[in-house]
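Below is one structure, written out as structure tokens; the observations come after it.
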Amino acid sequence: MMQAREPIRRIFLIATEESGDRLGSALMKVLRQRLGDGVQFEGVGGRTMAREGLETLFPIEELSIVGFAAVLQQLPKILRLIRETADAVTEAAPDALVIIDSPDFTHRVARRVRAKNPDIPVIDYVSPSVWAWRPGRARAMLGYVDHVLGLLPFEPEEYRKLKGPPCSYVGHPLIEQLSSLRPDATEQKRRDGDPPVLLVLPGSRRSEIRHHLDLFGAALGQLQAAGVAFKLILPTMSHLEATVRAGVARWPVKPEIVVGETEKRAAFRIARAALAKSGTVTLELALSGIPMVTAYRVGAMEAFILRRAIQVSSVILANLVIGKDVIPEFLQEDCTPEKLAGALSEVLKETPMRRQQVEAFAQLDSIMSTGNKSPSVLAADIVLATMRKGRR
């Protein structure tokens with residue numbers, strides 16, 4: 001008697017940004033290792049997910065919209081893509097829907113899918129920042145998310161406190177990249193050598209660069225005028241290089257501009273300190289062991305909204321993971337060239353501020369540990385456990 005074949009498991013994934021595309025690709029790779037030819041992927045993704053066999057419903061570049069006015073102008077198209085994606089999920093009736101980051105898009109899709117077919121399990125890979133603002137979203141997610149895969153170790157407890165769906169810490173992708181962030185013996189010698197390398201990281205979006213470049217340039221000019229020696233390196237990406245070069249042309253101190261992820265990591269491995277716009281890069285710097293000063297400036301309207309929305313004592317991701325505010329942050333009107341220059345002088349020298357950061361960063365490996373399993377393996381474990389059981 002012939003043995004019945006295992007049914008094909010259908011998994012629908014939605015990732016609309018490059019970072020989510022990388023997470024989706026790694027997850028697909030592990031799921032294919034587990035299920036072999038018994039899995040079929042559908043959904044929305046970018047180039048790396050395409051290499052794993054995903055044929056995207058639409059190019060994710062269609063959602064690369066920057067600025068409030070541009071979003072309003074493109075709103076009919078965005079709403080149409082949400083409807084069409086939700087319809088495609090419902091029609092496919094997959095064993096699981098995995099939404100990856102981009103909550104403004106993916107959560108709207110998930111809500112529509114849940115309303116049309118409550119039997120499709122929904123896994124949210126990358127938690128929205130419910131612990132920082134709009135905490136009510138966690139409880140709302142109970143209605144359309146079955147499991148959250150958190151990148152940060154404190155997130156499961158936050159979901160418990162906020163009465164949201166089950167959340168498991170699967171690990172941040174950065175913990176798999178430590179060898180590219182940390183110096184070898186030769187690079188450590190340069191990190192300790194003179195003049196010290198100072199990284200400047202004004203942001204990864206044009207609006208962030210516009211808000212920070214002149215401010216950072218003025219702070220670095222004051223630092224040099226105070227007699228502090230340093231070699232300045234500014235890592236950026238190719239699509240931002242022209243904007244950055246035009247902006248630093250006005251600086252009193254000229255940085256060496258390096259382009260691309262490989263060159264950025266090489267600069268991290270020799271840097272003594274950094275001046276950075278707050279964001280994921282603060283965690284990257286902390287894992288690399290680089291003391292830093294952080295700054296964040298936005299437009300007046302955005303600042304008005306954020307001041308009333310933010311629920312945490314620090315907006316610095318590394319501070320939140322460590323559980324202690326060891327990294328100085330200068331926000332809005334507090335963000336002045338004088339204050340930034342003074343703090344940078346402290347982290348470039350052997351001071352209590354610098355030592356406190358170095359000691360705190362040394363704890364990150366244990367705080368962020370996932371044992372001997374990679375984030376994508378842990379994520380795949382939960383996707384497989386959450387999938388619909390007993391499919392025909």
Neighbour count above 12 (heavy atom, 6.0 Å) for Glu55 CD: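 For Glu55, atom CD is not crowded (no more than 12 foreign heavy atoms under 6.0 Å).
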
Measuring from atom [atom1] of [X] to atom [atom2] of [Y], what distance do you get when rounded to the nearest 0.5 angstrom?
| X | Y | atom1 | atom2 | answer |
| --- | --- | --- | --- | --- |
| Arg112 | Asp87 | CZ | CG | 6.5 Å |
| Arg269 | Ser179 | CZ | OG | 8.5 Å |
| Thr186 | Arg191 | OG1 | CZ | 13.5 Å |
| Asp124 | Tyr144 | CG | OH | 7.5 Å |
| Asp146 | Ile120 | CG | CD1 | 10.5 Å |
| Leu232 | Trp251 | CG | CH2 | 6.0 Å |

Please answer: with hydrophobic residues joined when any side-chain heavy atoms are less than 4.5 Å apart, are [X] and [Y] in the same cluster?
| X | Y | result |
| --- | --- | --- |
| Leu57 | Val113 | yes |
| Ile100 | Met387 | yes |
| Leu285 | Val358 | no |

Any side-chain donor near an acceptor of the partner, Ser345 and Lys349, under 3.5 Å: yes

Passing option when Val244 is tested against Val259, Val200, Ile257 for side-chain contact (heavy atoms from CB on, under 4.5 Å):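 Running side-chain contact (heavy atoms from CB on, under 4.5 Å) over Val259, Val200, Ile257 with Val244 returns exactly one hit, Ile257.
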
[Y] side chain reached by [X] side chain, heavy atoms, under 4.5 Å:
| X | Y | result |
| --- | --- | --- |
| Ser204 | Met237 | no |
| Leu54 | Met28 | yes |
| Lys264 | Glu284 | yes |
| Leu378 | Ile382 | no |
| Cys335 | Tyr296 | no |

Closest contact, heavy atoms only, Ala318 versus Thr282: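 Here Ala318 and Thr282 meet closest at N-OG1, 3.4 Å.
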
Audit row: Met368, Leu287, side-chain contact (heavy atoms from CB on, under 4.5 Å) steps and yes/no: CA-CA 10 Å; Met368 298 187 71; Leu287 285 165; 4.2 Å; yes

Salt bridge Glu157-Arg160, side-chain N to carboxylate O under 4.0 Å: yes

